[in-house]
Amino acid sequence: MSTSREVRVPYVLEQDDDGVWCAHTQLQPHVGAHGEGDTPEAAVEDLREALSGLVAEFGIPQELTTTSA
């Protein structure tokens, strides 16, 4: 059986001087993720992929872990 959980991660979305959209999140000092794209949606999707890669490589960061009562 497969389970999934939705995790909300705050991020900053900016457009650089070249028109590229950038999405950034900082989970803790020196641990964060970055996404880029031609549209805001593409940048956020790229950020989601970066966060998935972070979890796949290092496990779920403590900042994203939830506990059930």
Side-chain angles (χ1 to χ4, degrees):
M1 177 168 91
S2 176
T3 62
S4 64
R5 181 178 4 172
E6 181 177 301
V7 178
R8 296 183 185 264
V9 177
Y11 61 90
V12 175
L13 183 64
E14 304 172 307
Q15 191 173 30
D16 70 15
D17 293 337
D18 295 326
V20 176
W21 286 94
C22 304
H24 314 272
T25 187
Q26 192 72 35
L27 301 175
Q28 60 176 293
H30 310 294
V31 178
H34 175 80
E36 295 182 343
D38 293 333
T39 65
E41 295 81 8
V44 172
E45 182 58 33
D46 194 42
L47 175 62
R48 283 188 187 111
E49 291 176 20
L51 285 168
S52 293
L54 182 73
V55 168
E57 187 169 345
F58 299 107
I60 299 173
Q62 182 179 4
E63 292 77 12
L64 299 181
T65 306
T66 60
T67 56
S68 301

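- Taking 4.5 Å as the limit, some side-chain heavy atom of Leu27 sits within range of a side-chain heavy atom of Val9.
- Minimum heavy-atom separation, Pro10 to Thr25: O-OG1, 2.7 Å.
- Within the structure, the ring pair (Phe, Tyr, Trp, His ring centres under 6.0 Å) test picks out the following pairs touching residues 9-28 (sequence neighbours left out): His24-His34.
- For Ala50, the side chain to side chain contact (heavy atoms under 4.5 Å, CB included) criterion is met by Ala33, not counting sequence neighbours.
- A pairwise comparison of heavy atoms in Ala23 and Ala43 identifies CB-O, 3.8 Å as the closest pair.
- Annotation: side chain to side chain contact (heavy atoms under 4.5 Å, CB included) contacts of Asp16 (sequence neighbours excluded): Asp18, Val20, Cys22.
- Annotation: side-chain hydrogen bond (donor to acceptor under 3.5 Å, both in side chains) contacts involving residues 42-53, sequence neighbours excluded, comprise Glu45-Arg48.
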